[in-house]
Amino acid sequence: MAALRLEVQKLKNYINGKWLDVKESQAVINPATGMEIVQVPLSAAGAVNTAVKAAKKAQKEWALIPAPQRAEVLYRIGYLMKERKERLAQFLTMENGKVIEEARGEVQEGIDMAFYMAGEGRRLFGQTTPTELKDKFAMTQRSPVGVVGIITPWNFPIAIATWKSFPAIVAGNAVIWKPATETPIMAYELAKIAEEAGLPDGILNVVFGAGSVIGDAMVHHEDIRVISFTGSNDTGRNIASACGKQLKKVSLEMGGKNAVIVMDDADLDLATEGIIWSAFGTSGQRCTACSRVIVHEKVKQALEERLLAAMQHLSIGNGLDESIKIGPIINQSGLDKIKKYIEIGKDEGANLLAGGYELTKEHQKGYYFTPTLFTDVSADMRIAQEEIFGPVVSIISVKSLEEAVEVNNGVTYGLSSSIFTNDVGRVFKAQRDLDTGIVYVNAGTTGAEIHLPFGGTKGTGNGHRDSGVQALDVFTEWKAIYVDYSGKLQRAQIDVES
Ligand code: NAP
């Protein structure tokens with residue numbers, strides 16, 4: 001397990017095609033080992049001004065380049081990402097902790113997004129439509145908004161950035177990207193790839209630094225016309241309110257409290273696999289992670305037995321080791337939050353079936369927590385309502401599909417849900433009634449495909465979607481164009497002959 005080493009000891013901002021040194025910095029820690037990997041710059045707010053100035057200038061020219069030519073650069077980015085997939089995956093595991101198999105999957109998502117959005121360069125469809133008047137033509141087209149700001153979290157440091165930046169770029173915008181301070185290496189690597197792929201200077205700018213400084217400066221910069229944010233609910237709400245005051249477009253993807261429903265006719269072995277993968281993959285630190293299992297009372301015990309047996313095989317450790325299934329928690333404060341919820345669950349009267357403790361002896365320097373199962377949880381307990389963001393699952397027993405749907409929908413979030421059943425009627429009722437942006441049937445709650453819209457209802461978002469063609473709506477304005485070739489002034493609604 002010889003870990004790769006970065007060729008630099010300190011990262012630099014990438015602004016207007018130049019690598020700029022920043023005086024202040026802080027260590028990026030590998031959560032599996034507690035060792036420093038690199039220093040990340042802590043830029044001052046002025047760096048945002050510099051980046052926006054460059055982006056504004058570059059965007060004007062970029063928007064005039066035909067979209068299929070803009071897309072050529074994305075194809076090149078995709079090929080370079082593909083060539084470097086293993087390098088990217090290894091650094092991703094080192095900075096984020098997720099196991100190497102999942103890191104490869106995340107990088108693949110970014111590659112897929114590059115090719116998918118490059119294809120959009122030949123579509124970016126608008127509509128033509130009949131008009132009310134003779135000798136008149138009407139159509140719609142997408143226009144870029146200008147300079148866009150993207151703010152991304154540490155748990156998917158490359159995939160989420162590609163969901164946002166690639167549609168923005170192909171649509172003719174320039175991007176200012178503030179990556180999470182915990183996971184800056186993916187941003188550094190992607191900026192290098194964009195540079196090598198020939199993306200013009202100023203179209204992708206990476207500004208490293210604290211959210212409260214750089215993120216805040218982006219949110220308040222009048223020349224950044226869109227903020228696309230993924231992260232926690234609290235930060236998202238503050239950003240939304242600041243953007244609201246400025247009438248700035250804002251797209252938010254936030255937390256989840258996702259559930260797997262297991263009905264009494266389900267294939268319990270398949271359900272067990274789905275739950276284990278979506279609850280404990282990435283140590284439960286996915287926005288789509290399963291943190292509730294809503295099970296029909298008739299199969300509760302049988303499911304619990306299977307889950308406990310499967311949990312015995314979950315090896316915990318450094319994700320660079322191919323045999324490891326569960327990596328570390330991102331940092332000490334993530335670990336503290338999980339520990340706090342274990343105590344809350346016990347105090348609320350939930351029954352701790354497995355796990356519930358930090359691993360301190362075998363894994364002294366990293367941040368590790370055991371996969372944890374609570375049962376006899378009631379739907380209103382805090383552990384069944386609040387996002388824990390760790391490998392902790394609450395089992396809630398129900399008597400019917402209707403009750404299962406009610407429990408699923410009875411949280412403030414609405415990202416992903418899943419149902420295991422072999423009854424086609426239940427499948428269709430569930431997909432109709434589950435109040436989440438993503439619904440899975442006979443699979444866990446995780447694993448989005450990039451050509452479908454990604455996002456959630458209620459407290460998870462504000463109605464926008466990442467990825468899919470729907471992402472283009474965030475980064476474009478619809479323009480309605482009327483061409484009157486009648487040679488006279490025709491007044492809509494007035495000069496219509498009836
Ligand atoms: P976070 O603390 O909200 O941070 C997310 C990003 O926002 C980071 O880059 C952070 O910068 C920045 N930020 C912090 N304060 C800011 C401010 N005042 N103004 C502007 N930006 C600011 O969230 P997190 O803990 O990293 O991420 C975990 C959360 O993300 C979970 O709730 C998870 O469910 C959610 N998530 C949602 C989705 C989805 O698509 N729905 C996907 C993945 C994750 P720093 O680097 O300085 O912290």
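Each ligand, and each atom within it, is numbered from 1 in the order the structure gives. Just so it is clear, the model here is predicted, and its values are computed rather than measured.
Considering backbone and side-chain N/O of Lys178, one or more are found under 3.5 Å from N/O of ligand 1. In terms of N/O distances under 3.5 Å, ligand 1 is approached by Gly211. Checking only distances, Thr230 never comes within under 3.5 Å of ligand 1, N or O to N or O. Checking only distances, Trp154 does come within under 3.5 Å of ligand 1, N or O to N or O.
Taking a cut-off of under 4.0 Å to the non-hydrogen atoms of Phe229, the atoms of ligand 1 that pass are 3 (O), 5 (C), 6 (C), 7 (O). For ligand 1, the atoms closer than 4.0 angstrom to any heavy atom of Ile160 are 42 (C), 43 (C). Residue-ligand proximity, Asn155 to ligand 1, at heavy-atom distances under 4.0 Å covers atoms 43 (C), 44 (C). Proximity to Ala210 (heavy-atom distance under 4.0 Å) selects the following atoms of ligand 1: 47 (O). Close contacts of ligand 1 with Asp216, meaning ligand atoms under 4.0 Å from a residue heavy atom, involve 19 (N), 20 (C).
Atom 12 (C) of ligand 1 has Ile151 CG2, 3.7 Å as its closest protein atom, hydrogens excluded (heavy atom only). Atom 15 (N) of ligand 1 has its closest protein heavy atom at Thr235 CG2, 3.5 Å. Annotation: atom 35 (C) of ligand 1 to nearest protein heavy atom, Gly231 O, 3.2 Å. Nearest protein heavy-atom neighbour of atom 37 (C) of ligand 1: Met254 O, 2.9 Å. The shortest contact between atom 31 (C) of ligand 1 and any protein heavy atom is with Glu387 OE1, 3.5 Å. With hydrogens left out, the protein atom closest to atom 28 (C) of ligand 1 is Phe389 CE2, 3.8 Å, a heavy atom. Of the protein's non-hydrogen atoms, the one nearest atom 9 (O) of ligand 1 is Thr152 O, 2.8 Å. For atom 46 (O) of ligand 1, the nearest protein heavy atom (residue, atom name, distance) is Thr181 N, 2.6 Å.
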Show, in sequence, the C-alpha distance, side-chain angles and deciding distance for Glu101 and Arg104, and conclude whether the salt bridge (charged side-chain N to carboxylate O under 4.0 Å, His left out) test is met. CA-CA 5 Å; Glu101 187 187 22; Arg104 290 183 189 121; over 6 Å; no
Could you give me the CA-CA distance, side-chain angles and deciding distance for Ile169 and Arg70, then say whether side chain to side chain contact (heavy atoms under 4.5 Å, CB included) is met? CA-CA 8 Å; Ile169 287 170; Arg70 296 198 295 256; 5.8 Å; no
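Ion pairing between Lys339 and Glu358 holds under the 4.0 Å rule for side-chain N and carboxylate O. Ion pairing between a basic and an acidic side chain is recognised when a charged N comes within 4.0 Å of a carboxylate O; Asp473 and Arg142 show such pairing. Contact check on Glu195 versus Lys192 returns no salt bridge, with no Lys/Arg side-chain nitrogen under 4.0 Å from an Asp/Glu carboxylate oxygen. Between Glu196 and Arg84 there is a salt bridge, with a side-chain nitrogen of the basic residue lying less than 4.0 Å from a carboxylate oxygen of the acidic one. Using a 4.0 Å cut-off between a side-chain N of Lys or Arg and a carboxylate O of Asp or Glu, Lys56 and Asp223 qualify as a salt bridge. Salt bridge present: Arg87 and Glu189 bring a charged side-chain N and a carboxylate O closer than 4.0 Å. A salt bridge links Glu386 with Arg382; the closest basic N to acidic carboxylate O contact falls under 4.0 Å.
Which of Ala242, Gly334, Pro179, Ser232 comes nearest to atom 2 (O) of ligand 1 through a heavy atom is settled by distance: it is Ser232. One option in Ser333, Gly455, Cys287, Gly215 has a heavy atom closer to atom 20 (C) of ligand 1 than any other, and that option is Gly215. Nearest-heavy-atom check against atom 27 (O) of ligand 1 across Ser212, Ala448, Pro153 picks out Pro153.
Summarising the geometry of Gly444 relative to Ser278, their closest heavy-atom pair is CA-OG, 3.6 Å, with the distance given to 0.1 Å. In plain terms, the two heavy atoms of Ala443 and Ser418 that are nearest each other are O-OG, 2.8 Å.
For atom 48 (O) of ligand 1, the nearest protein heavy atom lies 4.0 Å or farther away. Within a 4.0 Å radius of atom 4 (O) of ligand 1, the protein contributes no heavy atom.
A cation-pi contact, defined as under 6.0 Å to the ring centre and within 45° of the axis, is absent between Lys178 and Phe229. With a 6.0 Å cutoff to the six-membered ring centre and a 45° limit on the axis angle, Arg286 does not count as a cation-pi contact of Trp154.
Ring geometry for Trp19 against Tyr14 counts as tilted: the plane angle lies between 30° and 60°, on a 0 to 90° scale.
If you look at Phe454 next to ligand 1, the close heavy atoms, those under 4.0 Å, all belong to the side chain.
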